[in-house]
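Note sheet for the following structure.
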Amino acid sequence: MTKVRITGFLAGLLIFSIATVIKPQFTAAQAMQAIPQTDEGKQKEKDALEQKAAALLEQIVGESQMLRLPENRIRLEIAAGDLLWKRNEARARSMFSMAADGLAEMMRSTDSNIQRRAAQLRQEVVLTAAQHDATLAYQLLAATRSLTPTTETGNDFRRRRPEVNLEEQLLARVAANDPKLAAQKIEEALAKGQYPNTLAQVMAQLQPQDREAATKLIAKVVSKLQSENMLANVQAQTLALNLLRAGPRLTQSTTNSTPAVMDQTVSSQPGSNQTASSQARSNNAGGPVLGESSFQDLLNTVIDAALRATPQAVTTQRAQSNQPGQNNSGGRNNGRGRGNFGGAQAGAQTPPTDGQIEQQNARRLLAGLQVLLPQIDQYLPSRATAVRSKMTEMGIGNNRRMAFNQINSLMQEGTVDSLLAAAPTAPQQLQSRLYQQAAQKAFDEGNVERARQIANDHLDAAARDRVLQRVDFRLIAKKAEVENMEELRQTLATLSSDNERIDLLLKLAAQAQTTSAAAPAGNSKLALTFLGEAQRLTNRRATNYEQFDQQLRVAEAFAALDPSRSFEVLDPGIAQLNELLSAAALLSGFEVSIFKDGELPLEGGSGLSEMVARYGQALAALAQVDFARAERSAKGFQLVEPRLFSQLAIARNVLGVPQVAPINYGFESGRAFRRRLQ
């Protein structure tokens, strides 16, 4: 009886939604499309919209003084400097300077929490300024440097000081905009015996802009590495391996016949959608930078160092390190990069000698050569036998990482049949992934019945259900294309939750909008039917963050078809968020600790602040279509902090200035909050 009632209820809702959609729809987006515009008219409209955004930005800057938390004001000043740069560079520079002054004040605090937040803000202000002016970024770096920096050696491998990490991130950012200055900074680092992790990226950025300068810098780097004791300097060792893993820069005649070496160390996570070689290129921001001659010279040097590795007998210290309470991490806690590649590890209470450290680094270097064996065979065949013999001697033969990378390559390029053939003999932890990939490939090829069979025969319950749901959705979508609504109603009634129903309806709406030869504009009427039903499923007071997320997904889906319906979904959510924020402020210090000194911190970190941020981003996307309505909805936030940062998101989106800092940027950061609609 319950199922019948649910089916009848959903059927009634869907019939009502169809009746609603059949009525003439004339949205703001359609109205804009109905009026032909010249290029001049479009530019005038764009300029007018940007004028509104600029005025809103000035209002935000003025109201930022209402904020009590210094980190909130600093974040607004950084964002304002970023957005103002092209419109008023002098004003933008003053905003960055104000942010640096406030940051310096925070850094003088003895509170460790304040210092932690200051370190994050320092990264934001330096890297954001670097997008516009590298010299200014280095000035800000110097102006905000701690008065008591700690000493760091070239062998600090595992834990690098934040100062060094920031300098290297800055160097990478500068390389994209001012590669010549970045090259100068690289030479200064080399003169100090330092090897920044971003050095390869700088060289790759410099190459297309100034080939002569790039060639000189590459020669200097290779020469410096060849003279370095790589077993005593882990930075040099790491840089050399990174340069070699990218492969040599090939001539046109050999490009098609010689593949680049895969960087198999960066493709070690299950589920990676990139091949190892493509990841290596992306890490080096442009791929190989060494010519064949330089590549061979450096490879020879690395082999010479790696062949100095010798087996180390197991000692009583090894046994002691495996006792409860002892450090048995294989040397990972040593700042100079000790490893445990086939040898004993000194006990936690016995520091290793320099000779022991060099031997452990030699083993690491030898292990790093494993992925370079194809290149050694090609470019230095006379040394291939010695390298393989040493690997066998050290017990670094075909290891699990190599096995995984072979399987990963198969998953990227294999067929359904080859995946099914390889699965039974693969390591147990990878078998399920191979079967899932085989089912996915069959599904992508349109063979849904074979995908269903693979799932039923080889996958556990959870993985099987995921595959079968995709199969069912594909079949339902085909039925929906011919508007077989009765079967769709029955399917909706059988799903176990509103979340599944909303998932299905959103996917059907997205598919209905897909263009084809038969329907170049898609079927917006059918898409609105699906979205109207999804809206009714979410038209309730949220009782958890998942239901807020459902509302946001529906609002985002409406944006391209009927923006007014997006606002209808968002505005009630903002009103409820106001209630939750008021409750959180009242309970601050008792049950929850979201607020700080009576103000909502804007670095995020709580589910509530992240949800507020997502609503702000949704409004920013709608501002391109209806700026006034988006601004009005942002003013619906009662607290100053979420209102200002939602307005800032609107201004940023309209002005077309993308977020640049590669870290959590508070309410402006979309990385932590965006959800992809599949």
Side-chain angles (χ1 to χ4, degrees), residues 85 126-142 154 164-228 230 233 235-255 258 260-261 263 277-278 280-302 375 379 660 662:
W85 190 271
V126 169
L127 296 182
T128 303
Q131 290 294 115
H132 306 290
D133 187 318
T135 302
L136 173 63
Y138 277 104
Q139 290 172 352
L140 293 171
L141 179 72
V164 174
N165 286 332
L166 178 54
E167 288 177 359
E168 294 194 353
Q169 289 185 59
L170 174 57
L171 185 60
R173 181 62 52 81
V174 169
N177 300 323
D178 192 345
K180 291 185 178 180
L181 176 60
Q184 176 187 331
K185 296 294 183 181
I186 286 289
E187 293 197 15
E188 292 174 2
L190 291 175
K192 299 175 184 177
Q194 299 171 351
Y195 299 90
N197 289 337
T198 50
L199 192 152
Q201 183 176 349
V202 173
M203 292 193 293
Q205 295 282 3
L206 182 63
Q207 216 158 28
Q209 299 194 34
D210 191 334
R211 184 172 294 277
E212 182 179 356
T215 300
K216 292 179 179 178
L217 179 59
I218 291 169
K220 184 173 294 187
V221 169
V222 172
S223 175
K224 182 74 173 176
L225 287 172
Q226 286 182 292
S227 64
E228 188 70 64
M230 292 188 187
N233 191 321
Q235 282 190 358
Q237 179 185 123
T238 301
L239 174 62
L241 286 174
N242 285 339
L243 291 171
L244 292 172
R245 284 169 184 151
R249 195 174 66 251
L250 304 178
T251 60
Q252 185 64 34
S253 61
T254 60
T255 298
T258 309
V261 174
D263 183 355
S277 57
S278 68
R281 293 188 190 96
S282 66
N283 284 348
N284 286 328
V289 297
L290 301 180
E292 290 189 22
S293 177
S294 296
F295 179 85
Q296 292 178 17
D297 291 342
L298 184 57
L299 184 57
N300 245 324
T301 300
V302 171
Q375 298 285 27
Y379 292 100
V660 296

Query raised in the report: Going through the checks in order, is the side chain to side chain contact (heavy atoms under 4.5 Å, CB included) test met by Gln184 and Lys180?
Result: CA-CA 6 Å; Gln184 176 187 331; Lys180 291 185 178 180; over 6 Å; no
**Report entry** Shortest non-hydrogen separation from Pro248 to Tyr379 and the atoms involved
**Finding:** CG-OH, 3.2 Å
Query raised in the report: Is there a side chain to side chain contact (heavy atoms under 4.5 Å, CB included) between Gln235 and Leu239 once you walk through the steps?
Result: CA-CA 6 Å; Gln235 282 190 358; Leu239 174 62; over 6 Å; no
Query raised in the report: Which pair of heavy atoms, one from Ala240 and one from Met230, lies closest together, and at what distance?
Result: CB-CE, 3.7 Å
Query raised in the report: Can you check side chain to side chain contact (heavy atoms under 4.5 Å, CB included) on Arg211 and Leu206, steps first, answer last?
Result: CA-CA 7 Å; Arg211 184 172 294 277; Leu206 182 63; over 6 Å; no
Query raised in the report: Are Asn242 and Arg245 close enough that some pair of their side-chain heavy atoms sits under 4.5 Å apart?
Result: yes
Report summary line: On a heavy-atom basis, the closest approach of Pro179 and Val202 is O-CG1, 4.5 Å
Query raised in the report: Are more than 12 heavy atoms from other residues, nucleotides or ligands located less than 6.0 Å from atom CD of Glu188?
Result: yes
Query raised in the report: Which is it for Met203 and Ile186 under the side chain to side chain contact (heavy atoms under 4.5 Å, CB included) test, yes or no, and what are the steps along the way?
Result: CA-CA 9 Å; Met203 292 193 293; Ile186 286 289; 6.0 Å; no
Query raised in the report: Hey, are the side chains of Tyr138 and Val126 touching, using non-hydrogen atoms and a 4.5 Å cut-off?
Result: no
Query raised in the report: Could you give the distance from CD (Glu187) to NZ (Lys216), rounded to the nearest 0.5 Å?
Result: 9.5 Å
Requested in this report: Identify the residue among Leu190, Leu217, Leu171 that makes a side chain to side chain contact (heavy atoms under 4.5 Å, CB included) with Leu199.
Outcome: Leu190
Query raised in the report: Okay, side chain of Arg173, backbone of Leu127: is any donor-acceptor separation there less than 3.5 Å?
Result: yes
Query raised in the report: Of all heavy-atom pairs between Ala182 and Ala175, which one has the smallest distance, and what is that distance?
Result: CB-CA, 3.8 Å
**Report entry** Distance (rounded to the nearest 0.5 Å) between Thr215 OG1 and Lys220 NZ
**Finding:** 13.0 Å
Query raised in the report: Below 4.5 Å, heavy atoms only, C-beta onward: do Asn177 and His132 meet side chain to side chain?
Result: no
**Report entry** Approximate separation, where rounding is to 0.5 Å, of Gln194 CD and Asn233 CG
**Finding:** 10.0 Å
Query raised in the report: Restricting to pairs with a member in residues 195-206, which pass salt bridge (Lys or Arg N to Asp or Glu O under 4.0 Å), not counting sequence neighbours?
Result: none
Report task. Report yes if the side chains of Leu244 and Gln375 come closer than 4.5 Å at any heavy-atom pair, otherwise no. Result -> no
Report summary line: Residues at least two apart in sequence or cross-chain that pass salt bridge (Lys or Arg N to Asp or Glu O under 4.0 Å) with Asp133, listed by chain then number, are Arg93
Report summary line: d(Leu181 CG, Thr135 OG1) to nearest 0.5 Å is 6.0 Å
Just list the side-chain donor-acceptor pairs under 3.5 Å for residues 221-228, sequence neighbours left out, or say none.
{"from": "Ser227", "atom 1": "OG", "to": "Ser223", "atom 2": "O", "distance (Å)": "3.4"}
{"from": "Ser227", "atom 1": "OG", "to": "Lys224", "atom 2": "O", "distance (Å)": "2.9"}
{"from": "Glu228", "atom 1": "OE1", "to": "Tyr195", "atom 2": "OH", "distance (Å)": "2.6"}

